[in-house]
Amino acid sequence: MRLILILGDQLSPQIAALAEAEAGRDVVVMAEVMDEASYVPHHPKKIAFLFAAMRKFAARLRDQGWTVAYTELEDPENTQSIPGELLRRADALGATEVIATEPGEWRLISALEDCPLPVHQMPDTRFLASHAEFDAWAEGRKQLRMEYFYREMRRKTGYLMEGGKPEGGKWNYDHDNRKPAPEDVAFEGPLRFAPDAVTEEVLALVADRFGENFGELTPFWFATDAEQAQQALDHFIRHALPKFGDYQDAMLSENRFLYHAVIAQYINTGLLDWRAACDAAEAAYRDGTAPLNAVEGFIRQIIGWREYMRGIYFREGPDYTQRNALGHDRPLPAFYWDADTDMHCVSQAVGQTRDEAYAHHIQRLMVTGNFALLAGIDPAAVHEWYLAVYADAYEWVEAPNVIGMSQFADGGVLGSKPYVSSGAYIDRMSNYCKSCAYKVKQKTGEGACPFNLLYWQFLIRHRAKFEGNPRMAQMYRTFDRMDETRRETVLAEAEDLLARLDRGERI
Ligand SMILES: Cc1cc2nc3c(=O)[nH]c(=O)nc-3n(C[C@H](O)[C@H](O)[C@H](O)COP(=O)(O)OP(=O)(O)OC[C@H]3O[C@@H](n4cnc5c(N)ncnc54)[C@H](O)[C@@H]3O)c2cc1C
Ligand code: SF4
């Protein structure tokens with residue numbers, strides 16, 4: 001008899017460990033443990049979502065004839081760690097080996113390797129590209145650019161392909177996907193689900209045990225099983241996908257979701273298969289209900305960016321989260337935890353993160369990520385924050401997005417230049433600046449937008465590293481063309497701002 005380990009983000013009926021198991025013989029082990037629930041201070045909504053989805057998945061397996069040894073967080077015998085629960089169950093049931101599916105985090109992979117029981121970690125087959133396939137693609141390339149990997153994945157899946165050529169003649173329609181924020185958004189946001197009895201019980205537990213963590217537990221509206229996740233996808237495809245491309249990069253004070261899908265938490269835990277999402281998007285294009293720029297953009301995020309991020313995480317190895325190529329060491333400012341800042345863009349992004357355990361890509365990249373990079377925040381602290389606060393955050397996808405894409409802490413493995421911008425970008429893509437205490441057009445002096453000051457200070461701080469980068473040369477030329485007094489004022493005011501940040505003053 002063997003134990004079949006199913007982790008909280010492995011809630012797929014086709015998960016590899018289960019495919020190896022025999023229902024009448026083996027026992028499925030699932031466990032809510034403090035080690036996993038507290039190694040970063042996860043958002044209460046994220047913990048509740050996972051525990052509710054795990055409990056419902058276990059019930060479904062039982063209905064299908066599986067024996068499931070499920071440990072609830074408050075069970076008195078709970079050892080509060082995954083290896084501890086495997087040992088306890090093996091002892092009680094007389095099992096001598098464990099079949100697991102490879103976790104999406106090096107920390108847990110090595111915990112399973114170090115477990116005194118033999119644990120066979122099967123490859124996670126829920127992804128389009130295996131580790132070997134990604135490594136073969138990456139081998140010998142000077143730069144690992146997502147765009148080329150994505151084209152391979154288009155060929156492999158056949159999505160939006162016509163006789164070996166990309167639909168419409170181009171691989172990528174991103175230039176159509178940068179429209180500024182619209183006045184009104186017709187989409188009412190993601191489908192919301194009233195908590196059922198299982199979820200209510202979990203909500204009470206999470207309120208009691210994790211109520212102090214950053215984040216609002218209620219209203220809780222996430223899907224917690226595969227049927228609901230499918231309904232959330234259908235709702236997006238029908239009502240939001242047609243405009244997804246156009247407003248993909250836009251941000252609005254009054255609207256937290258715009259035309260985004262809000263399904264990453266479902267895909268990453270296995271409630272929703274990425275193929276279902278891409279198939280439905282392609283079908284909408286073929287039916288004429290969604291335009292090519294939207295559908296290509298959506299499919300690229302999933303078979304391109306998502307798979308590429310995973311490839312990078314596993315290729316780069318366990319030290320990836322410790323990288324700090326720019327030597328940044330400032331602590332994470334308190335306003336990442338309380339939204340208490342005069343920077344309206346940051347307070348909106350952090351505020352909605354607190355309420356929803358969600359912010360969309362551009363808020364993560366160009367607001368909270370951009371600020372952290374410009375201000376020289378320790379990337380490990382930034383990484384822990386992102387891992388904690390988003391319902392979709394699992395290290396294999398979060399770390400490359402944060403350490404690589406957002407903080408350039410991997411020194412350029414993932415991006416060819418850092419994603420930094422002054423306030424002008426935020427102003428172009430959002431309506432945040434209209435409600436801000438700072439003035440986005442003001443470059444120096446009283447009320448100057450902090451992003452404007454820090455932008456130049458960042459470039460000058462790292463001049464030796466970036467001046468030779470052809471994609472950044474223009475920025476340095478612009479700075480050098482400013483008159484000397486202006487340059488000195490910008491840098492002195494930026495230093496002053498950073499000193500105030502270090503003293504914990506309100507920014
Ligand atoms: C700093 C930073 C941290 C991030 N952390 C995470 C994370 O922890 N988990 C996570 O799943 N995504 C992360 N992302 C990527 C992206 O922001 C989220 O996938 C997206 O916001 C999820 O919301 P959505 O479902 O509404 O996505 P949509 O905008 O509707 O996109 C559709 C789907 O595409 C996929 N996708 C889009 N962009 C990416 C990307 N860059 N990497 C991987 N998949 C992508 C997701 O599965 C998403 O559900 C991060 C991005 C940044 C810049
Ligand atoms: S003015 Fe600057 S700080 Fe204020 S919302 Fe705009 S970009 Fe953000």
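Read the numbers this way: they start at 1 and go in the same order the structure lists the ligands and their atoms. Side chains included, hydrogens not; waters and symmetry mates left out as well; all remaining heavy atoms used.
Phe314 has its ring centre less than 6.0 Å from the ring centre of Trp106. Aromatic ring centres of Phe371 and Phe335 lie closer together than 6.0 Å.
The 4.0 Å heavy-atom shell around ligand 1 contains residues Phe244, His260, Ala261, Val262, Ile263, Ala264, Asn268, Phe298, Gln301, Ile302, Trp305, Arg306, Met309, Tyr358, Ala359, His360, His361, Arg364, Leu365, Tyr386, Asp392, Ala393, Val397, Glu398, Asn401, Val402, Ser406, ordered by chain and number.
Protein nitrogen, oxygen and sulfur atoms, that is N, O or S, within less than 2.8 Å of atom 8 (Fe) of ligand 2 amount to 1.
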Next item on the list: Decide side-chain contact (heavy atoms from CB on, under 4.5 Å) for Leu241 and Val295; before the verdict, give the C-alpha distance in whole Å, the side-chain angles of both, and the deciding distance to 0.1 Å.
Entry: CA-CA 7 Å; Leu241 178 65; Val295 174; 4.0 Å; yes
Next item on the list: Could you walk me through whether Phe127 and Arg306 pass the side-chain contact (heavy atoms from CB on, under 4.5 Å) test, one step at a time?
Entry: CA-CA 9 Å; Phe127 292 88; Arg306 185 170 183 272; 3.6 Å; yes
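A cation-pi contact, defined as under 6.0 Å to the ring centre and within 45° of the axis, is absent between Lys443 and Tyr438. Annotation: cation-pi geometry not satisfied between Arg315 and Phe134 (NZ/CZ under 6.0 angstrom from ring centroid, within 45° of ring axis). Cation-pi geometry between Arg256 and Tyr358 is not met: the NZ or CZ atom fails to fall both under 6.0 Å from the ring centre and inside 45° of the normal. Arg107 forms a cation-pi arrangement with Tyr39, by the criterion of a distance under 6.0 Å to the ring centre and an angle within 45° of the ring axis.
Rounding to the nearest 0.5 Å gives a distance of 11.0 Å between CD of Glu152 and OG1 of Thr157.
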